[in-house]
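Data first, discussion second: the structure below is written as structure tokens.
Along the sequence shown, residues are numbered consecutively beginning with 1.
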Amino acid sequence: MRTIGDDERRARLGVRHLLAAPGTSAEEAADALVGLHSTDPSSVYLETLARVSPFKSGDLEDALYERRSLVRMLGMRRTLFVVPRDFAAVMDEACAKALAAAEHRRLVRMLEEQEVVPAGRGARWVDRVAKKTLDALAARGEATARQLTTDVPELANKLVFGEGRRWAGTMGVSTRILFLLATRGTIVRARPLGSWTSGQYRWARIDDWLGRPLGSPGHEEACAQVVRRYLRAFGPATMTDLRWWTGWTAKLSAASLAGAGAVEVPLAHGAGYLMPDDLDPVDPPDPWVALLPSLDATVMGWKERDWYLGRHAEALFDRAGNAGPTVMVDGRVLGAWTQRPDGTIATELLEPVPARTRRRIDAESERLRDWLGDVRWTPRFRTPLESRLSSV
């Protein structure tokens, strides 16, 4: 079998991720990437802007909150994604539900150790408060955590975390109960309180939001579907990539690759996996550039990143492994960008590029500045190069 080199992997990235040629809708962008990374709420809009033309923020809001063809849900790696509605049940079954039991045990332990509830009564307390929270959501339709705390006073209890550490603090029990219900696939984040940059969401029961329960295709089939979608979007990918992206164990990853019918292919360095009907060469697209936001689904799509990131990880990722805003050129990450207080977009490249590429980057910077307009955006996770750029 032929070796798939780095150049072809970059060509696949550009074509499959709608970066070399834009798509026409937010749904198309989310489907192309399996899901849009949504830990930073603003990133979802900037991810879509990089891949859809023309695009207005209202287009994504309509898909999320009116037509509900896209759903913001907990998924791979305990991370929020915006995914196509037809993938929501698959992601929930394959990735989110596995978190529920451990999250329940963790919350019970915290409540009892911090004496919010008597020892031995935490499990029943959690189940009772979770049911009251769902009942309150059913009555209201949609509600914020603060509104739910009014209806369910137990949610106002405080828990301490990180005691003795620099990042120590407190959180309301509402945060943990809502996260638990999200892992169970019973609630979903609805429209935020503020603009598209806000992360203060209302919540809704998923049955009410989608008009029906999520359902489930069965665990093995769900995992196989995740593998098929991931490989069509990000393949060829290695076992290390798949395990990291999904958050699965080695055993589950191997079983799911087999269940999906994936085949091993030689790469320039090591071996990866593709679907058997996706082995034909991919021609390089026309030259392209993209300004991608922090935590962009493309930049965060693989664990083994040398073939598109080179040696730039230290400047472009934070210590926790979160990608900052990046400049991507023909499938390679070559620098960073930031928005300055006056609205201008500043970029810095870590490698030289031809003058025509520099002009493309400048044009994309102007497009981004015009699209943001009066909106000022600061990435939730700051990286060394982006932080330095923003302070100049």
Side-chain angles (χ1 to χ4, degrees), residues 38-39 72-81 91-140 142-190 193 199-209 213-214 216 219 243 246-249 251-252 319-322 380-381:
S38 185
T39 301
R72 180 182 279 108
M73 289 184 62
L74 193 67
M76 292 68 72
R77 306 188 308 281
R78 300 172 63 93
T79 296
L80 275 180
F81 284 87
M91 182 177 70
D92 177 65
E93 176 62 40
C95 300
K97 280 185 178 176
L99 305 172
E103 182 60 26
H104 187 274
R105 290 192 300 271
R106 179 188 180 198
L107 178 53
V108 168
R109 184 177 67 252
M110 293 175 72
L111 289 165
E112 293 184 356
E113 288 178 350
Q114 298 184 30
E115 300 182 345
V116 176
V117 298
R121 298 186 183 178
R124 282 188 293 178
W125 190 93
V126 168
D127 292 341
R128 178 172 58 83
V129 173
K131 182 180 184 305
K132 289 177 68 175
T133 303
L134 285 173
D135 291 344
L137 275 175
R140 284 183 177 267
E142 298 175 26
T144 64
R146 179 174 293 181
Q147 289 170 327
L148 290 170
T149 299
T150 300
D151 299 338
V152 186
E154 294 94 329
L155 295 175
N157 284 287
K158 297 295 183 182
L159 293 170
V160 177
F161 64 90
E163 194 168 5
R165 303 190 180 186
R166 180 172 52 84
W167 42 268
T170 62
M171 71 174 73
V173 168
S174 61
T175 300
R176 303 314 314 175
I177 290 288
L178 290 169
F179 185 81
L180 174 63
L181 291 171
T183 65
R184 293 175 175 174
T186 54
I187 65 172
V188 66
R189 287 166 175 81
L193 284 177
Q200 291 184 298
Y201 297 107
R202 298 174 177 89
W203 294 85
R205 297 194 317 166
I206 205 156
D207 301 27
D208 298 331
W209 187 252
L214 273 181
S216 172
H219 189 68
R243 287 189 61 192
T246 56
W248 291 343
T249 63
K251 181 179 180 180
L252 179 56
R319 292 182 179 180
N322 301 303
R380 183 169 292 186
F381 302 99

Distance, nearest 0.5 Å, that separates [atom1] of [X] from [atom2] of [Y]:
X: Leu181; Y: Ile187; atom1: CG; atom2: CD1; value: 4.5 Å
X: Ser38; Y: Met73; atom1: OG; atom2: CE; value: 12.0 Å
X: Asp92; Y: Arg184; atom1: CG; atom2: CZ; value: 12.5 Å
X: Ile206; Y: Leu134; atom1: CD1; atom2: CG; value: 11.5 Å
X: Phe161; Y: Thr175; atom1: CZ; atom2: OG1; value: 9.0 Å
X: Tyr201; Y: Glu142; atom1: OH; atom2: CD; value: 14.0 Å

Can you name the residues that form a side-chain contact (heavy atoms from CB on, under 4.5 Å) with [X], not counting sequence neighbours?
X: Ser174; result: Ala145, Thr149, Leu155
X: Arg243; result: Met239, Ala250, Ser253
X: Thr150; result: none
X: Thr249; result: Lys251, Leu252

Does any non-hydrogen side-chain atom of [Y] lie less than 4.5 Å from one of [X]?
X: Phe179; Y: Leu74; result: yes
X: Trp125; Y: Leu107; result: no
X: Val117; Y: Val108; result: no
X: Leu111; Y: Arg176; result: no
X: Arg72; Y: Val188; result: no
X: Cys95; Y: Trp248; result: yes

Which atom names give the shortest non-hydrogen contact between [X] and [Y], and what distance separates them?
X: Phe81; Y: Met91; result: CB-SD, 4.3 Å
X: Ala130; Y: Ile177; result: CA-CG2, 4.2 Å
X: Glu93; Y: Ser216; result: OE1-OG, 2.9 Å
X: Gly120; Y: Glu112; result: N-OE2, 3.0 Å
X: Val152; Y: Ala136; result: CG2-CB, 4.2 Å

Any chance CD of Gln114 has more than 12 other-residue heavy atoms, nucleotides or ligands included, within less than 6.0 Å?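 More than 12 within 6.0 Å, yes.
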
Which side-chain hydrogen bond (donor to acceptor under 3.5 Å, both in side chains) pairs, counting each pair once, include a residue from residues 126-137, with sequence neighbours left out?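 Every side-chain hydrogen bond (donor to acceptor under 3.5 Å, both in side chains) pair that includes a residue of residues 126-137, provided the two are not neighbours, is His104-Asp127, Arg128-Glu154, Lys131-Asp135, Lys132-Glu154.
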
Return the set of residues passing salt bridge (Lys or Arg N to Asp or Glu O under 4.0 Å) with Asp151 (not counting sequence neighbours), or none when no residue passes.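 Asp151 satisfies salt bridge (Lys or Arg N to Asp or Glu O under 4.0 Å) with Arg140 only.
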
Ignoring hydrogens and angles, state whether a donor on the side chain of Arg202 or Thr144 is under 3.5 Å from an acceptor on the partner side chain.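 Their side chains do not contain a donor-acceptor pair, so the 3.5 Å distance test is not met.
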
Regarding Thr183 and Glu103, do their side chains bring together a donor and an acceptor under 3.5 Å, going by distance alone?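 Thr183 vs Glu103: no donor-acceptor pair found between side chains.
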
